[in-house]
Amino acid sequence: MRDTLKLLPNELTGMLHEAIRSAQADASLPAFDIPALDVRPSKRADQGDFSVAVMALSKLARGNPLDIAQKIAAHMPAAEFLAATEVAPPGYINFRVNPVWLKAQVNAIIAEGDQVFQLETGQGKRAQVEFVSANPTAPLHIGRSRGAIVGDAVARVLEATGYEVQREYYFNNAGVQMTNLGKSLRLRYLQALGDPIDENELTYQGEYLKDIATKLVSERGDALRDSDWKPFKEYAETEMFEIIKTTLKRVDILHNQFFNENSLYDSGAVWDVLKELEQKGYTYKASVPEDADAEERADAGDKGEAIWFRSTQFGDAKDRVLVKANGDPTYTLPDIAYHKDKIERGFDICVNILGADHYVQHQVVRHGVTALGLDASKIHVIIVQIVHLLRGGEKVKMSSRKGDFETLDDLIDQTSADAVRYGLLARTSDSHLNFDLDLAVKQTNENPVYYIQYAHVRCAGIFREAALRGVTDDGADLNLLGDAEMAFLRKALELGEVLELAASHLEPHRVAFYALELANTFHPIFDNVRVLHSEVPPEVAKARLRFYRAAQVILKRVLRLMGMTAPEVM
RNA sequence: GUGCCUAUAGCUCAGCGGAUAGAGCGCUUGCCUACGGAGCAAGAAGUCGGGGGUUCGAAUCCCUCUAGGCACGCCA
């Protein structure tokens with residue numbers, strides 16, 4: 001299967017350009033620059049398999065759209081996969097795929113196996129996807145998990161188009177939060193040793209610290225009774241990261257790079273960035289921003305002088321503090337240094353998955369990167385909107401401080417890793433996500449995940465039964481396949497385009513919707529196209545058996561692209 | 001008040017400049033002596049939040065209004 005044939009719309013677009021140039025060469029059409037032509041799968045069978053609207057050429061070619069369409073169609077070059085080119089009013093060109101070629105794709109699909117529709121458009125390019133990036137203070141919160149699922153799905157889609165992808169986790173283990181974590185664990189530790197404690201002093205009240213404290217007591221006894229928070233922070237951090245990694249592994253997410261914010265201080269990168277911004281004249285020292293009005297000046301109080309970044313020069317609504325009056329940097333400064341580091345590591349694209357609440361912060365970082373003279377356009381951001389948990393139709397409140405939150409682990413326990421992956425992936429990142437816990441707990445067919453996986457299971461069922469009856473697909477004649485099977489193959493051939501769009505637009509939800517459409521195409525065929533039935537001639541059975549092998553390859557590939565399992569039985 | 005996101009079938013959501021607006025669930029009616037019925041077939045269900053505008057053509061682009069969400073720290 002050549003790469004171009006995995007992307008039939010691209011192939012047809014190229015042929016259309018050729019046809020138009022050819023028509024211009026023999027003066028059938030006047031000279032004009034060819035605009036973008038959008039070839040897409042047709043919606044209905046009478047409109048062929050692929051269609052393109054050429055009405056927009058009407059002005060350029062100074063003629064009526066139908067005539068133009070006919071002239072282009074007449075000049076279309078021949079291709080093995082293309083059976084017919086038809087024209088329809090008011091100015092559509094419809095393409096029909098050659099059935100013989102289509103049926104032969106069954107063998108191509110089987111030959112590609114787990115790598116089917118592996119594209120090469122991103123070949124030789126390196127991408128980085130930064131996601132999750134939660135500080136190791138608590139188990140992964142459900143609010144973080146949407147970004148986790150989307151981030152990993154983006155990484156998988158980029159890999160499918162040929163990119164070399166790095167999955168990165170950015171964290172800070174030096175902040176106030178981590179100190180509080182250490183102090184909280186220390187209290188839980190003392191409690192585990194039998195000392196009375198005041199639970200109101202616990203910043204982190206979750207049960208998980210009790211478990212870690214118990215483990216610590218079993219390892220060290222009361223040896224740490226007189227220690228301050230520091231060894232507890234170290235221990236808690238290590239344990240928390242193990243817990244987080246274990247959770248992520250449950251949904252098949254594996255980061256291959258953990259980037260510690262502290263390394264930017266150790267290397268001096270943070271202060272180098274500040275110096276560079278100062279040298280370029282983008283900073284100033286003041287107690288209030290330069291453009292502050294009288295009221296703001298009055299409200300400012302006396303915090304002392306901070307170092308400000310003139311982000312307003314880059315379109316920001318206000319200038320931002322880089323270094324506080326007490327000499328400590330804000331989060332912004334190291335974040336700019338981090339993104340500078342990312343760009344300088346030479347990735348072709350850096351994708352950053354952020355929650356909606358980080359949108360403004362990211363804009364500031366982007367301005368900082370631009371101020372340093374770097375190309376901020378390499379940084380792509382996917383903003384995932386808030387997840388609301390619903391139970392009994394009511395919103396469930398989530399807090400990672402009080403310990404009554406819903407973690408990703410909770411969600412997986414109540415449903416399944418596959419249901420969580422699909423549920424969090426199957427909508428656009430822009431949309432606010434309502435996760436219905438009641439529905440998720442049900443594990444009924446109301447969840448599309450079962451519908452999709454069931455298609456794969458049904459294929460496996462055929463092969464099991466075929467093996468028992470000694471039926472094989474040796475010497476199968478694919479021309480014996482019928483219209484129903486071809487309908488599925490047409491759908492299967494859309495996968496290349498789906499992946500290409502999902503990668504170029506950074507929209508992995510496209511794969512989730514495609515999966516549902518694919519299953520929706522599969523099930524009616526399964527019902528009507530029997531393999532092991534007494535009325536099915538042996539040679540037809542062979543062809544159909546091979547067809548189902550190809551169907552299973554496609555279904556498995558799509559499930560794996562979403563990070564889901566492809567079960568043989570359910 | 002300002003910025004960003006959202007508003008499409010009873011519900012959850014796709015579609016984001018092209019031909020009669022789609023899917024799943026739910027609902028109605030059929031289909032089990034055939035490889036697993038977690039299935040299939042048929043059907044009902046939509047002034048694409050309201051109003052203007054651009055275009056040969058708008059759910060899609062622009063303006064505006066309404067409703068909901070998230071942000072607007074010398075927090076991280």
Side-chain angles (χ1 to χ4, degrees), chain A residues 38 40 42-44 46-47 51-56 58-59 64-65 88-92 94 135 137 172 175-178 261 287-288 300-301 303-308 316-318 320-326 328-332 334-335 355-361 363 383-386 388 390 423 426-436 439 443-455 457-466 468-469 471 509-510 512-514 516-517 519-520 523-536 541 544-545 548 569-570:
Chain A
D38 192 16
R40 53 178 61 177
S42 305
K43 287 179 188 163
R44 298 204 314 275
D46 61 291
Q47 295 167 357
S51 305
V52 64
V54 297
M55 283 79 97
S58 181
K59 279 179 185 166
N64 87 59
Y92 292 98
N94 298 324
N135 283 343
T137 57
N172 179 354
V176 185
Q177 289 180 9
M178 294 303 292
E261 182 185 332
S287 56
V288 290
K303 295 175 196 161
E305 292 198 315
I307 299 175
W308 296 76
D316 202 350
K318 55 177 98 169
R320 310 285 172 169
V321 172
L322 293 176
V323 182
K324 303 181 219 171
N326 69 7
D328 292 339
T330 61
Y331 184 79
T332 305
D335 214 9
D357 52 345
H358 286 76
Y359 177 76
V360 173
Q361 172 63 25
Q363 293 301 316
I383 302 288
V384 294
Q385 295 292 329
I386 305 298
H388 292 297
L390 300 178
R427 50 217 63 185
T428 55
S429 299
D430 284 343
S431 73
H432 308 253
L433 191 154
N434 291 318
F435 202 106
D436 189 331
L439 190 68
Q443 284 202 8
T444 66
N445 60 347
E446 286 174 48
N447 194 335
V449 69
Y450 299 104
Y451 187 76
I452 297 164
Q453 289 181 321
Y454 188 46
V457 168
R458 297 232 263 192
C459 290
I462 297 175
F463 306 144
R464 274 195 302 274
E465 189 62 26
L468 286 175
R469 301 191 194 183
V471 176
H509 75 277
R510 288 169 183 266
F513 282 93
Y514 171 77
L516 194 56
E517 289 172 17
N520 205 22
H523 287 299
I525 295 168
F526 179 88
D527 232 44
N528 297 316
V529 182
R530 296 279 158 171
V531 177
L532 306 169
H533 186 258
S534 55
E535 289 173 17
V536 177
R544 290 180 176 178
L545 191 59
Y548 280 112
V569 292
M570 281 169 72

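Any value given below was found using the heavy atoms of this structure, including those in side chains, with hydrogens, waters and symmetry copies removed. Letters go in sequence order (proteins before strands), and every chain restarts at 1.
- Taking atom P in both rG73(B) and rA19(B), the straight-line distance is 46 Å, to the nearest Å.
- Closest approach to the Arg530(A) side chain among rC74(B), rG36(B), rA34(B) is made by rA34(B) (side chain taken as heavy atoms from C-beta onward).
- The minimum heavy-atom distance between Ser51(A) and Ser42(A), with the atom names listed, is OG-OG, 2.6 Å.
- Heavy atoms of Ala56(A) sit under 4.0 angstrom from at least one base atom.
- For rC74(B), the OP1/OP2 oxygens have no side-chain nitrogen or oxygen of Lys318(A) closer than 4.0 Å.
- Distances from the side chain of Met570(A) to the nucleotides rA71(B), rA38(B), rC35(B) place rA38(B) closest.
- Asp430(A) places its CG atom 21 Å from the P atom of rG68(B), with the value rounded to the nearest Å.
- Phosphate proximity of rC5(B) to Ser431(A): absent, as no side-chain N or O sits under 4.0 Å from OP1 or OP2.
- Applying the 4.0 Å criterion to OP1 and OP2 of rC56(B), one finds that Lys59(A) has a side-chain N or O inside that range.
- Across all strands shown, rU60(B) forms no Watson-Crick or G-U wobble pair with both distances under 3.5 Å.
- Distance check on atom C1': rC72(B) versus rA14(B) gives 32 Å, rounded to whole Å.
- Of the residues Asp527(A), Leu532(A), Asn528(A), the one that meets the side chain to side chain contact (heavy atoms under 4.5 Å, CB included) test with Arg530(A) is Asp527(A).
- Note: CD (Glu517(A)) to C1' (rC13(B)) measures 13 Å, nearest angstrom.
- Ring geometry for Tyr451(A) against His523(A) counts as tilted: the plane angle lies between 30° and 60°, on a 0 to 90° scale.
- Annotation: rG39(B) and rC25(B) have their P atoms spaced 7 Å apart (nearest Å).
- Set against rC74(B), rG36(B), rC35(B), the side chain of Ala306(A) has rC74(B) as its closest nucleotide.
- The C1' atoms of rC70(B) and rG51(B) are separated by 27 Å, rounded to the nearest whole Å.
- Residues Pro334(A) and Pro329(A) share a closest heavy-atom pair of CD-CB, 4.4 Å.
- Here rC32(B) sits opposite no nucleotide as a Watson-Crick or G-U wobble pair (both hydrogen-bonding atom distances under 3.5 Å).
- For Arg44(A) against rU20(B), a side-chain-to-base donor-acceptor contact under 3.5 Å is present.
- Closest contact between the side chain of Gln385(A) and the listed nucleotides rG24(B), rC5(B), rA76(B) involves rC5(B).
- Here the C1' atom of nucleotide rA23(B) and the CZ atom of Arg510(A) are 16 Å apart, to the nearest Å.
- Base pairing of rC72(B): its partner is rG1(B), meeting the Watson-Crick or G-U wobble criterion (both donor-acceptor distances under 3.5 Å).
- In this structure, of rC75(B), rA38(B), rC35(B), it is rC35(B) that holds the atom nearest to the side chain of Glu465(A).
- Among the heavy atoms of the strands lying under 4.0 Å from Val360(A) are primed sugar atoms or P, OP1, OP2 only; no base atom is included.
- No engagement by Asn326(A) is indicated, since no non-hydrogen atom pair under 4.0 Å with the nucleic acid exists.
- Straight-line distance from the CG atom of Leu516(A) to the P atom of rG39(B): 12 Å, rounded to whole Å.
- Phe513(A) comes within 4.0 angstrom of sugar-phosphate atoms only, judged by non-hydrogen atoms across all strands, and of no base.
- In this model, the phosphate group of rC13(B) is not approached by any side-chain N or O of His509(A) to a distance below 4.0 Å at OP1 or OP2.
- Look at rG43(B): its Watson-Crick or wobble partner, with both distances under 3.5 angstrom, is rC27(B).
- Side-chain atoms of His432(A) come within donor-acceptor range of the base of rC5(B), with a qualifying N/O pair under 3.5 Å.
- Here the closest non-hydrogen pair linking Ile462(A) and Phe526(A) is CD1-CE1, 3.7 Å.
- Using a 4.0 Å heavy-atom cutoff across all strands shown, Val471(A) reaches no nucleic acid atom at all.
- Residue Asn94(A) is in base contact, counting any heavy-atom pair closer than 4.0 Å across all strands shown.
- The shortest distance between the side-chain N/O atoms of Lys43(A) and the OP1/OP2 oxygens of rU20(B) is not below 4.0 Å.
- Comparing rC63(B) with rC5(B), their P atoms sit 12 Å apart, to the nearest whole Å.
- In this entry rA67(B) has rU6(B) as its Watson-Crick or G-U wobble partner, both defining distances falling under 3.5 Å.
- Within the 4.0 angstrom heavy-atom criterion, no nucleotide atom of any strand lies near Gln363(A).
- Arg40(A) comes within contact range of the sugar-phosphate backbone alone, with a heavy-atom separation under 4.0 Å but no base atom that close.
- On the P atoms, rC40(B) is 12 Å away from rG26(B), given to the nearest whole Å.
- For Tyr548(A) against Val529(A), the heavy-atom pair with the smallest separation is OH-O, 2.8 Å.
- Using a 4.0 Å heavy-atom distance criterion, Val449(A) is classed as making no nucleic acid contact.
- rC13(B): Watson-Crick or G-U partner is rG22(B), with both key distances under 3.5 Å.
- In terms of phosphate contacts, Asn520(A) brings a side-chain nitrogen or oxygen within less than 4.0 Å of OP1 or OP2 of rG24(B).
- Proximity of a side-chain donor or acceptor of Asn326(A) to a complementary backbone N or O of Asp328(A) within less than 3.5 Å is detected.
- Computed from coordinates, the Ile386(A) CD1 to rC70(B) P distance equals 7 Å when rounded to whole Å.
- Separating the CG atom of Asp46(A) from the C1' atom of rU20(B) is a distance of 10 Å, rounded to the nearest angstrom.
- Among all heavy-atom pairs drawn from Val569(A) and Arg464(A), the shortest one is CG1-NH1, 3.6 Å.
- Scanning all heavy atoms of the two residues, the minimum distance from His509(A) to Arg427(A) falls at CB-O, 3.4 Å.
- Within the nucleic acid shown, Asp328(A) has no heavy atom closer than 4.0 Å to any nucleic acid atom.
- Residue contacts for Arg458(A): at a heavy-atom cut-off of 4.0 Å it reaches the sugar-phosphate backbone alone, with no base atom in range.
- Regarding Asp316(A), its CG atom lies at a distance of 10 Å from the C1' atom of rG3(B), rounded to whole Å.
- Proximity of Tyr451(A) to the phosphate of rC40(B): a side-chain N or O atom is located under 4.0 Å from OP1 or OP2.
- The base of rA19(B) sits within donor-acceptor range of the side chain of Ser51(A), with an N or O pair under 3.5 Å.
- Regarding the sugar-base torsion, rC32(B) falls in the syn class, its angle being within 90° of 0.
- Contact annotation for His358(A): base contact, defined as any heavy-atom pair under 4.0 Å involving a base atom.
- Taking atom P in both rG49(B) and rA58(B), the straight-line distance is 15 Å, to the nearest Å.
- Within the nucleic acid shown, Phe526(A) comes within 4.0 Å of at least one base atom, counting heavy atoms only.
- Spacing between rC48(B) and rG3(B) at atom P, rounded to whole Å, works out to 28 Å.
- With rounding to whole Å, Ile462(A) atom CD1 is found 12 Å from rA34(B) atom C1'.
- The residue Asp38(A) sits apart from the nucleic acid: no heavy atom pair falls under 4.0 Å.
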